[in-house]
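Written out below as structure tokens is the structure these notes cover.
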Amino acid sequence: MNNEKAPLLEMRNIKKDFFGNQVLTDINLKLNEGDVLGLCGENGAGKSTLMKILFGASDITSTGGYGGDILIDGQKVSFASPFEAIAAGIGMVHQEFSLIPGFDATENILLNREPKKGNVVSEVFGDRLDTLDRGEMDDRARAAIEKMGVSIDQHMMINSMPVGHKQFTEIARELSKEQLRILILDEPTAVLTEKEAEALLDSIRGMSARGITVIFITHRLHEILSVCNKVAVMRDGVLVQEVPASETSVEQITHWMVGRDVKGGGASISTRNFDDAKTILKIEKLWVDMPGETVRNVNLEVKEGEILGIGGLAGQGKLGIPNGVMGLYEAGGKVTFEGGEIPLNNPRKCLDSSFAFVSEDRRGVGLLLDESLEWNVAFPAMQIQNKFLKNYLGGLIKWRDEKAIREITEKYIDELKIKCTSSKQNARELSGGNQQKICLAKAFALEPKVLFVSEPTRGIDVGAKALVLDALKKFNRENGVTVIMISSELEELRQTCDRIAIVSGGRISGILPASSSVEDLGAMMLSNVI
């Protein structure tokens, strides 16, 4: 008699195709209670599809289901919907937020599971007229947030939250479910600051200690080695490697992911000198009211044609600068472009002045998720610049130039190596990294004079990062576009930019050539930290 305990989760020979296109082939995985699995792979490798199968997602069941078996505690299961998966103790935090904007964090965390209390009316007419127990809701939401070890305002409305706090609200919702046994986290740290990401990793360690099994999908491979006990690597829909985390390295995982060596570069060797170039953009005494960011008194001059990097520690103001200049959050101060003042708090004036912005929040700000790639790439240029339009009757009637729209979209699909079925595919159906590339393509199609790009490689796998950064450099050099790049990754700034401005305590603490040492740049980061 075999008394060996069955794994908590077993996936056997999982297969999936979409309309004849095989996306998963014979995937086998076993996980025990408290395991933390790091699931790695390039964008489009099949990670999210595999997790959607486990979670009973509708786009799996509506496209013919899948092959193979899923077992929980040794018993075969088949989830026809996420509700069935949730009832079995599986939770999933998706790349795309599923929060209700007009509700606060507590209401989202306990949505459809709100504690209620009786009243005089409900005693007469039935429990459908019970009222919400707000005190109990606050207590449960607070307990779920405390499990993550972070501080977020549980009464803040979702539509007022910074993107990182939205992510924590999603995770807290799963942690508030008492039956939770398996938690799938799909790129949870992609939208988090460095400090927030470390808090989440501590939270994952706590979940594991309580016996919760975590499947952690991320492109930040050092996080996987920090928090996981197992690593599984997927490539082109196949599980190519599964090893204990203690027996591998970032370099080895990278090699398995892409099937080739990806060399990490040092500082840029093509740093250019713009001392004699004219100042195209001048920012004076800028302050920005953006949750989670401190921008108090920023003074900055940007030279025409350069790539200026903006770096700094989390919350010190680097993300607030582009969001304030572009009018997404209330700001004050003075912005001068080509000698003329640009009014703040007016996004349209910025766009009319040939500015473009690739936001760090690609889903909230960057994309029309339920529209085609063609529409995403061309719509801003069509709306702002009347590009991709044909004039009829002397301009009385304007109509979309479908051929031109298709050609520009296909051009960027090719240049940025965007994985998609065609230019007609909806943006929602793309992987996170490919969505980010569409955001870049949209900005490129505007042919701006100044391009702000915030966290351009956030959520992008290691094989695609160099491609995106090279595309930015090519766009800058071939079109003479001035690029202001904001990034949490200092090495990325050093490889891409000509100069790097460091923000600390809501101010620019210094500007150095990108060839400067990490130590010198790091010292500036700490100079005014608040």
Can I310 and I484 be said to form a side chain to side chain contact (heavy atoms under 4.5 Å, CB included), step by step?
CA-CA 7 Å; I310 299 180; I484 302 162; 3.7 Å; yes
Between the side chains of N229 and D35, does any donor sit under 3.5 Å from an acceptor?
yes
List the atom of P347, the atom of G327, and the distance in Å for their closest heavy-atom pair.
CG-O, 3.6 Å
With no hydrogens and no angle check, just 3.5 Å: does a side-chain donor-acceptor pair link T63 and K16?
yes
E415 and K474: CA distance, side-chain angles, deciding distance, side chain to side chain contact (heavy atoms under 4.5 Å, CB included) verdict:
CA-CA 11 Å; E415 285 187 12; K474 181 182 176 186; 4.2 Å; yes
I'd like to know if the side chain of T213 pairs up with that of E33 as donor and acceptor (distance under 3.5 Å, no hydrogens or angles considered).
no
A quick test of your reading: do over 12 heavy atoms of other residues, nucleotides or ligands sit less than 6.0 Å from NZ of K387?
yes
Can you tell me how far CD1 of I413 sits from CD1 of I438, rounded to the nearest 0.5 angstrom?
6.0 Å
Closest non-hydrogen contact found for I14 with G68 is CD1-C, 4.1 Å
Check whether the side chains of E242 and N28 place a donor and an acceptor atom closer than 3.5 Å, and report yes or no.
no
Any donor-acceptor N/O pair, D104 side chain to E107 backbone, under 3.5 Å
yes
Does atom NZ of K30 have more than 12 heavy-atom neighbours, drawn from other residues, nucleotides or ligands, at distances under 6.0 Å?
no
Intermediate values then yes/no, salt bridge (Lys or Arg N to Asp or Glu O under 4.0 Å), E293 and K318:
CA-CA 8 Å; E293 285 288 297; K318 65 179 183 288; 5.9 Å; no
Quick one: does S176's side chain get under 4.5 Å of I109's, heavy atoms only?
yes
Could you tell me whether E223 and R205 have a side-chain N and a carboxylate O separated by less than 4.0 Å?
no
Would you find a donor on one side and an acceptor on the other, under 3.5 Å apart, between the side chain of K437 and the backbone of L416?
yes
Exercise: identify the closest heavy-atom pair between A105 and D153:
CB-O, 4.0 Å
Nearest heavy-atom pair of A443 and P448: which atoms, and what distance?
O-CD, 3.4 Å
Distance-only, no hydrogens or angles: does the S226 side chain make a donor-acceptor pair with backbone N or O of H222 under 3.5 Å?
no
Test your reading of the model: is there a side-chain donor-acceptor pair from Q383 to the backbone of F379, 3.5 Å cut-off?
no
Run the side chain to side chain contact (heavy atoms under 4.5 Å, CB included) test on S48 and M51 for me, step by step, so that the C-alpha distance in whole Å, both residues' side-chain angles and the decisive distance to 0.1 Å come before the verdict.
CA-CA 5 Å; S48 295; M51 293 302 99; 5.7 Å; no
Donor-acceptor under 3.5 Å (D401 side chain, A404 main chain):
yes
Between N434 and I418 (side chain of the first, backbone of the second, donor and acceptor by atom type, cut-off under 3.5 Å), is there such a pair?
no
Please determine which of V233, T248, V231 meets the side chain to side chain contact (heavy atoms under 4.5 Å, CB included) test together with Q241.
V233
Derivation of the salt bridge (Lys or Arg N to Asp or Glu O under 4.0 Å) call for R406 and E402:
CA-CA 6 Å; R406 185 175 65 255; E402 300 287 357; over 6 Å; no
Donor-acceptor under 3.5 Å (K465 side chain, E492 main chain)
no
Given 3.5 Å as the limit, does a donor-acceptor pair link the side chain of Q179 with the main chain of I86, or not?
yes
Side chain of T106, backbone of Q154: donor and acceptor closer than 3.5 Å?
yes
d(L440 CG, L472 CG) to nearest 0.5 Å is 5.5 Å
Might you work through the side chain to side chain contact (heavy atoms under 4.5 Å, CB included) test for K473 and T496, ending with a clear yes or no?
CA-CA 7 Å; K473 287 196 276 191; T496 310; 3.9 Å; yes
Donor-acceptor under 3.5 Å (D414 side chain, K411 main chain)
no
Report the relative orientation of the aromatic rings in F357 and F452; use parallel for angles under 30°, tilted for 30 to 60°, perpendicular for over 60°.
perpendicular
When rounded to the nearest 0.5 angstrom, what is the spacing between CE in M11 and CG in D26?
12.5 Å
Heavy atoms, side chains only, cut-off 4.5 Å: are H155 and D138 in contact?
yes
Does any part of the side chain of L99, heavy atoms only, come nearer than 4.5 Å to the side chain of T169, both counted from C-beta?
yes
So do the side chains of V36 and I224 get within less than 4.5 Å of each other, counting heavy atoms only?
no
If the threshold is 4.0 Å, N to carboxylate O, is there a salt bridge linking E407 and K403?
yes
NZ/NE/NH1/NH2 to OD/OE distance under 4.0 Å, K166 and E170:
no
Are R428 and E371 ion-paired here, with the side-chain N under 4.0 Å from a carboxylate O?
no
Are the side chains of V243 and W256 in touch, meaning some heavy atoms are under 4.5 Å apart?
yes
Any salt bridge linking R12 with E10? Criterion: basic side-chain nitrogen under 4.0 Å from a carboxylate oxygen.
yes
Using a strict threshold of under 4.0 Å (side-chain N to carboxylate O), is an ion pair present between R400 and E374?
no
